[in-house]
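For reference, the structure is listed below as structure tokens.
Start at 1 and go down the list; that is how both ligands and their atoms are numbered.
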Amino acid sequence: ARLRRSLQLRNWCYPVHASLSYEAIKQEYRPEVPEYFNFARDVLDRWTEVEKEGKRSKNPALWWVDGAGEEVRWSFEELGVLSRKVANVLSDACGLQREDRVILILPRIPEWWLVNVACMRTGTVLIPGTQQLTAKDILHRLQKSKAKCIITDDCVAPAVDSIGAQCQSLKFKLLVSEGHREGWLNFKDLLKNAPSDHHCVTTKCQDPMAIYFTSGTTGSPKMTEHSHSSYGIGLTVSGRYWLDLTSSDIFWNTSDTGWAKSAWSSIFSPWIQGACVFVHKMPHFDPSIVFESLSRFPITVFCSPPTAYRMFVQHKVSSYTFKSLRHCVSAGEPINPDVMEEWKAQTGLDIHEGYGQTETVLICGNFKGMKIKPGSMGKPSPGYDVKDDPEKTEATIRGDFYVTGDRGIMDEEGYFWFVGRADDVINSAGYRIGPFEVESALVEHPAVVESAVVSSPDPIRGEVVKAFVVLTSDYASHDPEKIMKELQDHVKTVTAPYKYPRKMEFVQQLPKTISGKIRRNELRQKEWTKD
Ligand code: ATP
Ligand code: MG
């Protein structure tokens with residue numbers, strides 16, 4: 001994927017109606033990367049002005065609910081005031097300087113958004129982490145990043161204390177809690193007493209803004225640094241044309257606060273457009289909470305990963321009415337065409353798939369108004385040249401290109417189709433087989449909830465296709481031999497027969513990352529180390 005460097009920024013702060021065709025969008029999008037840029041000052045504070053002039057809808061900037069009756073609604077102005085107070089907490093109470101690193105581990109609570117914005121205002125570098133990190137993970141992240149400050153809650157604080165002594169650079173621990181804890185500053189107390197005037201630092205576009213950890217699908221999560229402009233300007237296209245947001249929209253992205261996806265879709269993309277970020281605290285993922293919220297709140301745009309949509313279509317979505325919902329997206333993994341069809345049948349809505357990485361912004365997407373080819377991740381994001389590169393390489397930069405490590409093909413109409421992560425592609429007797437196509441074929445069968453397809457050793461073919469299959473409860477008690485045969489025949493009829501899984505194993509669940517991505521490499525490793 002080659003990022004066109006000659007981008008020019010044009011009216012990025014204002015909504016443009018995306019009734020344009022994809023080709024027109026490609027023409028229209030010419031962002032310019034200015035020398036100085038700070039998202040808090042240049043985007044959020046400008047939306048405050050627009051809001052004050054009465055030129056924005058009455059929607060809050062942040063609309064948070066906990067599902068038990070608690071709600072928080074902040075306008076851009078309130079978000080500005082509170083985030084300035086938090087900026088003062090970071091600078092004064094903690095004495096943090098520009099480029100000092102701050103680890104933030106909080107569930108989906110409003111303070112998470114305040115700290116994000118406060119870090120931009122102070123020029124400190126934010127490192128978000130998920131609540132599910134263990135003490136060992138936190139130690140690794142503290143040591144690797146040399147973070148000076150950690151902000152977390154009562155759940156995670158004991159884990160931090162158990163390893164804190166091993167982290168020399170850690171100077172401040174802030175607890176977001178009603179209670180107090182030895183050795184920790186109380187965030188809420190400090191916030192209450194902090195002044196609300198704060199002068200936002202001047203940051204260059206390329207200055208570091210945040211470090212996100214990758215999902216860890218193929219190994220341990222890797223640190224990825226982003227500058228003030230990389231997401232702050234780079235996600236304009238996704239907010240406008242992929243998510244199709246304007247300042248009148250209410251957007252709900254369900255991702256966990258620990259991943260870059262929450263920066264993409266719960267901060268930058270919607271707020272660039274002046275849209276309302278809707279958040280449900282949802283401590284446990286539960287399809288019925290999602291359906292109830294989509295029925296109850298005027299949410300217009302919704303984003304969830306494929307693993308969630310696979311769960312949604314197993315439930316009765318059609319018994320709910322989503323009054324305001326008009327646009328759905330998914331990203332993070334390929335979404336099975338059958339799941340898209342089922343979702344459409346039950347809700348009347350398409351799923352606009354997008355593809356990108358923690359390291360990048362949106363690379364390919366199904367943009368508003370574009371014909372959707374189920375199974376394809378769409379066309380290159382305006383601003384990117386994306387090419388199919390068949391050669392194997394470890395290098396991530398070749399000439400002008402950034403090599404994603406993913407394999408895809410481009411069809412004659414310029415749509416990209418995800419084949420698999422380079423390591424996941426199966427090479428059986430000379431045939432190259434992408435796992436996703438076989439998994440999508442399997443999931444079309446009523447017996448299959450989901451599956452993971454990997455290579456497995458074979459004395460003659462080198463490697464063969466093996467499928468790990470989770471059966472629906474109706475089929476779980478059937479004769480495994482019979483179902484296996486039925487599924488193999490089914491795959492042979494819906495894809496090229498050579499791709500059918502010669503080996504199959506029925507499992508209760510698939511190994512996944514915390515964010516819900518299938519960890520094929522774990523299954524593959526087991527296959528190849530078995531005696
Ligand atoms: P790690 O790099 O630690 O192994 P990860 O690559 O899963 O983890 P992320 O940056 O969260 O970490 O995910 C990016 C990857 O997710 C892409 O390289 C691609 O493999 C996959 N991906 C994202 N969106 C899609 C999509 N729409 N279709 C297919 N794959 C996708
Ligand atoms: Mg990766």
Side-chain angles (χ1 to χ4, degrees), residues 1 128-130 133 137 140-141 144 210-226 230-231 235 238 242-243 253 255-265 303-310 328-337 339-340 350-367 372-381 384 386 388-389 394 396 402-410 415-425 434-437 439-440 452-453 511-522 524-525:
T130 161
L133 295 177
D137 299 329
H140 172 77
R141 290 184 181 207
K144 267 257 152 66
I211 294 171
Y212 300 98
F213 278 82
T214 60
S215 301
T217 310
T218 50
S220 13
K222 296 167 262 303
M223 295 210 296
T224 305
E225 186 177 277
H226 277 276
S230 57
Y231 279 177
L235 286 166
S238 99
W242 175 47
L243 303 173
N253 161 50
S255 58
D256 181 286
T257 49
W259 310 113
K261 189 71 196 7
S262 58
W264 279 36
S265 295
C303 177
S304 226
T307 185
Y309 281 107
R310 285 196 291 267
C328 299
V329 303
S330 106
E333 271 196 306
I335 182 144
N336 317 83
V339 174
M340 288 175 79
D350 286 314
I351 296 173
H352 295 250
E353 179 173 356
Y355 156 80
Q357 302 185 323
T358 306
E359 296 89 332
T360 67
V361 291
L362 188 75
I363 296 179
C364 282
N366 285 280
F367 297 94
I372 292 180
K373 296 187 181 182
S376 161
M377 48 200 195
K379 291 194 178 189
S381 195
Y384 271 94
V386 185
D388 171 24
D389 191 336
E394 295 307 317
T396 58
Y402 164 69
V403 180
T404 60
D406 292 322
R407 295 288 176 263
I409 48 172
M410 183 174 74
Y415 281 66
F416 278 79
W417 301 74
F418 186 79
V419 171
R421 288 165 171 271
D423 298 345
D424 286 343
V425 174
F436 176 62
E437 194 186 345
E439 289 161 11
S440 289
V453 164
K512 290 188 180 172
T513 62
I514 301 170
S515 57
K517 298 193 197 198
I518 299 171
R519 298 196 69 239
R520 294 184 190 80
N521 70 328
E522 188 178 317
R524 185 171 55 239
Q525 239 166 28

Could you tell me whether [X] and ligand 1 have an N or O pair separated by under 3.5 Å?
{"X": "Phe418", "value": "no"}
{"X": "Gly354", "value": "yes"}
{"X": "Lys517", "value": "yes"}
{"X": "Gly332", "value": "yes"}
{"X": "Met377", "value": "no"}

Name each donor-acceptor pair under 3.5 Å that joins a side chain in residues 415-422 to protein atoms two or more places apart or in another chain, with its distance.
residue	atom	partner	partner atom	Å
Tyr415	OH	Lys371	O	2.5
Trp417	NE1	Asp411	OD2	3.0

Measure across Ser330 and Tyr309 and return the closest heavy-atom pair with its distance rounded to 0.1 Å.
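That closest heavy-atom pairing would be CB-CE1, 3.4 Å.
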Sub-4.5 Å side-chain heavy-atom contact between Arg519 and Thr513 |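 Side chain of Arg519 against side chain of Thr513, heavy atoms only: contact under 4.5 Å found.
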| Taking C-beta and beyond as the side chain, do Met340 and Asp350 meet within less than 4.5 Å on heavy atoms? |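 No - every pair of side-chain heavy atoms lies 4.5 Å or more apart.
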Practice prompt. Using modelled atom types only, decide if a donor and an acceptor are shared between the side chain of Ser265 and the backbone of Ser262 within a distance under 3.5 Å.
Written response: no
Taking the six-membered ring for Trp and the full ring for Phe, Tyr or His, determine whether the centres of Tyr231 and Tyr212 are under 6.0 Å apart.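 Tyr231 vs Tyr212: aromatic centres under 6.0 Å.
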Logged contact type for Arg421 with ligand 1, heavy-atom cut-off 4.0 Å, is side chain
So for Asp406 against ligand 1, with non-hydrogen atoms under 4.0 Å, the contacting part is side chain
Residue [X] vicinity, atoms of ligand 1 by number, heavy atom under 4.0 Å:
{"X": "Pro334", "result": "26 (C), 28 (N), 29 (C), 30 (N)"}
{"X": "Glu333", "result": "22 (N), 23 (C), 24 (N), 25 (C), 26 (C), 27 (N), 28 (N), 29 (C), 30 (N), 31 (C)"}
{"X": "Glu353", "result": "26 (C), 27 (N), 28 (N)"}
{"X": "Thr217", "result": "1 (P), 3 (O), 4 (O), 5 (P), 7 (O), 8 (O)"}

Closest by any non-hydrogen atom to atom 10 (O) of ligand 1: pick that one out of Thr358, Val329, Ile335, Leu362.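 That would be Thr358.
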Please confirm whether Ala260 approaches ligand 1 to less than 4.0 Å, judged on its heavy atoms.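 Ala260: no contact with ligand 1 (<4.0 Å).
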### Query
With a 4.0 Å cut-off, would you call Glu353 and Lys373 a salt bridge?
no
Output for pair (Asp256 CG, Lys261 NZ), nearest 0.5 Å, gives 12.0 Å
Looking at residues at least two apart in the chain, or sitting in another chain, which of them share a ring pair (Phe, Tyr, Trp, His ring centres under 6.0 Å) with Phe367?
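Scan of Phe367 (ring pair (Phe, Tyr, Trp, His ring centres under 6.0 Å), adjacent residues dropped) gives Tyr22.
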